[in-house]
Chemist: 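Would you mind keeping the following structure in view while I ask a few things?
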Protein chains: 2
Amino acid sequence: MEDIYSIKQISQQIGLSEDTIRYYEKIELLPKVKRNNIGYRVYSLEDRDLLNNIVCLKNTGMTLNQIKLYVKLNTISERYKMLLTHKKNIEDQMNELQRIIEIKLKAME
Amino acid sequence: MEDIYSIKQISQQIGLSEDTIRYYEKIELLPKVKRNNIGYRVYSLEDRDLLNNIVCLKNTGMTLNQIKLYVKLNTISERYKMLLTHKKNIEDQMNELQRIIEIKLKAME
DNA sequence: TTATACCTTGGAGTTACCTCCAAGGCAAGT
DNA sequence: ACTTGCCTTGGAGGTAACTCCAAGGTATAA
């Protein structure tokens, strides 16, 4: 339970491949990660939290470009607002899905 | 309100480009559409409903390959089951999103 | 008959998001 | 000194889902 993880460890904890994590840093989705004395990446708890947020946003359909905007936001309240908007969009799509489900249900008697 | 639409009309009604609709037929996501005497595609109400379902599934994050499986299902009850599973997956992701939202809310006091 | 407004196909090109790999550096164990 | 197991970079390759032509056919209106 240390506050420092290697790329392998963070990869296992988050469920993204090491390549993907490095790729996210390359495209500046993730801010530059600290390095140890021999140039290896070292991840903090904060990095892990951010990565977890990124995964959640990705899983709920946000594109990496949109997530970049999220990451660039400075305040918690701005991020909060963006999350709410995102959630609202999904809910709208979910309502449409629910409508289709109900139509099928009726068609089955 | 006729039961027959040109590709241009269906494109406008559904909100997909004509190219995309033809592409969906090419990759066999959509079954072969009827043609008129000079080879133009003509879409029925049934085609329109299916396309609407496809759009909804796409908007809720289903891949075209998954949607192909959905389209290939023969019975309404099989489709219904697949929709419920899909909905459940999204809800799980939504719960995770909600968790993050609540953390932000707490962090703002 | 010519202009326009549709439509057709095949195939090339594009964007997003990885995924894989080669070549190589560092360090701890045997 | 050598093997093992980490890690690094740069760049090529891959898949999904479009998107955009070019070349050409048909029908209606002027």
Side-chain angles (χ1 to χ4, degrees), chain A residues 2 4-44 47-48 50-72 86 89 93, chain B residues 2 4-44 47-48 50-72 86 89 93:
Chain A
E2 273 191 29
I4 272 181
Y5 311 103
S6 70
I7 192 157
K8 183 173 202 173
Q9 289 171 324
I10 205 88
S11 158
Q12 287 163 347
Q13 287 173 28
I14 303 289
L16 290 176
S17 75
E18 299 178 31
D19 273 329
T20 298
I21 294 170
R22 280 189 287 259
Y23 169 70
Y24 283 178
E25 189 176 341
K26 183 143 89 186
I27 64 170
E28 295 183 343
L29 172 57
L30 233 62
K32 293 238 175 221
V33 170
K34 271 200 192 158
R35 304 300 180 109
N36 68 9
N37 57 327
I38 58 167
Y40 291 9
R41 290 174 178 82
V42 293
Y43 294 87
S44 65
D47 292 327
R48 200 183 64 169
L50 182 58
L51 264 169
N52 269 325
N53 283 16
I54 286 171
V55 167
C56 175
L57 291 174
K58 195 167 71 78
N59 285 342
T60 49
M62 202 182 269
T63 66
L64 297 193
N65 277 332
Q66 286 175 300
I67 298 175
K68 264 190 201 177
L69 299 179
Y70 174 80
V71 170
K72 279 191 192 120
H86 179 51
N89 290 340
Q93 298 302 331
Chain B
E2 273 190 29
I4 272 180
Y5 313 102
S6 69
I7 191 157
K8 183 173 202 171
Q9 290 171 322
I10 205 89
S11 158
Q12 287 163 348
Q13 289 174 26
I14 304 289
L16 290 176
S17 76
E18 300 177 29
D19 272 329
T20 298
I21 294 170
R22 280 189 288 258
Y23 168 71
Y24 283 179
E25 188 176 342
K26 182 144 86 186
I27 64 169
E28 296 183 341
L29 173 58
L30 232 62
K32 293 236 174 225
V33 171
K34 270 201 192 157
R35 303 300 180 107
N36 69 8
N37 59 326
I38 56 166
Y40 290 12
R41 289 173 179 81
V42 293
Y43 294 86
S44 66
D47 292 328
R48 202 183 62 169
L50 183 57
L51 264 169
N52 269 326
N53 283 16
I54 287 170
V55 167
C56 175
L57 291 175
K58 195 167 70 79
N59 285 342
T60 49
M62 203 182 268
T63 67
L64 298 192
N65 276 333
Q66 286 176 301
I67 298 175
K68 263 189 200 176
L69 298 180
Y70 174 81
V71 170
K72 280 192 192 120
H86 179 51
N89 291 340
Q93 298 302 330

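The figures here come from the full heavy-atom set of this structure, side chains too, leaving out hydrogens, waters and symmetry mates.
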Chemist: Give, for atom CG of B/Leu57 and atom NE2 of B/His86, the distance between the pair rounded to the nearest 0.5 Å.
Modeler: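 So the CG of B/Leu57 and the NE2 of B/His86 are separated by 5.5 Å.
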Chemist: Can you check the A/Ile54 CD1 to C/dC17 C1' distance for me, whole Å?
Modeler: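 A/Ile54 atom CD1 is separated from C/dC17 atom C1' by 14 Å.
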Chemist: Separation of B/Glu25 atom CD from D/dA17 atom P, in whole Å?
Modeler: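 In whole Å, D/dA17 P and B/Glu25 CD are 18 Å from each other.
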Chemist: Would you give me the side-chain donor-acceptor pairs under 3.5 Å for residues 21-34 of chain A, sequence neighbours excluded?
Modeler:
{"unit_1": "A/Arg22", "atom_1": "NH2", "unit_2": "A/Asp19", "atom_2": "OD1", "d": "3.4"}
{"unit_1": "A/Glu25", "atom_1": "OE1", "unit_2": "A/Arg41", "atom_2": "NE", "d": "2.8"}
{"unit_1": "A/Glu25", "atom_1": "OE2", "unit_2": "A/Val33", "atom_2": "N", "d": "3.2"}

Chemist: List for me each residue that meets side-chain contact (heavy atoms from CB on, under 4.5 Å) alongside A/Asn89, sequence neighbours excluded, and say none if there are none.
Modeler: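 For A/Asn89, the residues satisfying side-chain contact (heavy atoms from CB on, under 4.5 Å) (neighbours in sequence not counted) are A/Thr85.
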Chemist: Please report the distance, rounded to the nearest Å, between NZ in A/Lys32 and C1' in D/dT8.
Modeler: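 Atom-to-atom, A/Lys32 to D/dT8, this comes out as 13 Å.
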Chemist: NA contact type, B/Ile27, heavy-atom cut-off 4.0 Å: base, sugar-phosphate, or nothing?
Modeler: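 Answer is nothing: B/Ile27 stays at 4.0 Å or more from every strand.
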Chemist: Is A/Arg35 close enough to D/dT9 that one of its side-chain N or O atoms is under 4.0 Å from OP1 or OP2 there?
Modeler: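 For D/dT9, OP1 or OP2 has a side-chain N or O of A/Arg35 closer than 4.0 Å.
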Chemist: Please give, in whole Å, the distance from C/dG25 C1' to A/Asn36 CG?
Modeler: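 Those two atoms, CG and C1', are 12 Å apart.
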Chemist: For the CD1 atom of A/Ile7 and the OG atom of A/Ser17, what is their distance to the nearest 0.5 Å?
Modeler: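 Between A/Ile7 CD1 and A/Ser17 OG, I get 8.5 Å after rounding to 0.5 Å.
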Chemist: Can you measure A/Leu29 atom CG to C/dC17 atom P for me and round it to whole angstrom units?
Modeler: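 So the two atoms are 9 Å apart, to the nearest Å.
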Chemist: With sequence neighbours excluded, tell me which residues meet side-chain hydrogen bond (donor to acceptor under 3.5 Å, both in side chains) with B/Gln66.
Modeler: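 Here the qualifying residues are B/Thr63.
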Chemist: Taking side-chain contact (heavy atoms from CB on, under 4.5 Å) as the definition, give me every residue that meets it alongside A/Asn36, ordered by chain and number, with sequence neighbours left out.
Modeler: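 Per chain and number, A/Asn36 pairs via side-chain contact (heavy atoms from CB on, under 4.5 Å) with A/Ile38, A/Tyr40, A/Val42.
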Chemist: Verify the contact: side-chain N or O of A/Arg41 to OP1 or OP2 of D/dT9, cut-off strictly under 4.0 Å; return yes or no.
Modeler: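 Answer is yes, contact under 4.0 Å.
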Chemist: Nearest whole angstrom, please: distance from the P of D/dG5 to the CD of A/Glu18.
Modeler: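 From A/Glu18 CD to D/dG5 P: 15 Å.
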Chemist: For A/Asn59 and C/dC17, what is the distance between atoms CG and P respectively, to the nearest whole Å?
Modeler: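 It works out to 13 Å between those atoms.
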Chemist: Looking only at side-chain N and O atoms, does B/Ser6 come under 4.0 Å of OP1 or OP2 in C/dC7?
Modeler: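 Yes, B/Ser6 has a side-chain N/O under 4.0 Å of OP1/OP2 on C/dC7.
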Chemist: Using the side-chain heavy atoms of A/Asn37, tell me which of these nucleotides is nearest: C/dC7, C/dA27, C/dT8.
Modeler: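 Among C/dC7, C/dA27, C/dT8, the one nearest the side chain of A/Asn37 is C/dA27.
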Chemist: Given atom CG of B/Asn65 and atom C1' of D/dA17, what is their separation to the nearest angstrom?
Modeler: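 So the CG-C1' distance, B/Asn65 to D/dA17, works out to 10 Å.
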Chemist: Listed by chain and number, what are the side-chain contact (heavy atoms from CB on, under 4.5 Å) partners of A/Gln9, not counting sequence neighbours?
Modeler: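 A/Gln9: side-chain contact (heavy atoms from CB on, under 4.5 Å) contacts with A/Tyr5, A/Ser6, A/Gln13.
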Chemist: At under 4.0 Å between heavy atoms, how does the protein contact nucleotides 18-25 of chain D? Give one character per nucleotide, 5' to 3', with B, S or -.
Modeler: BBBB---B
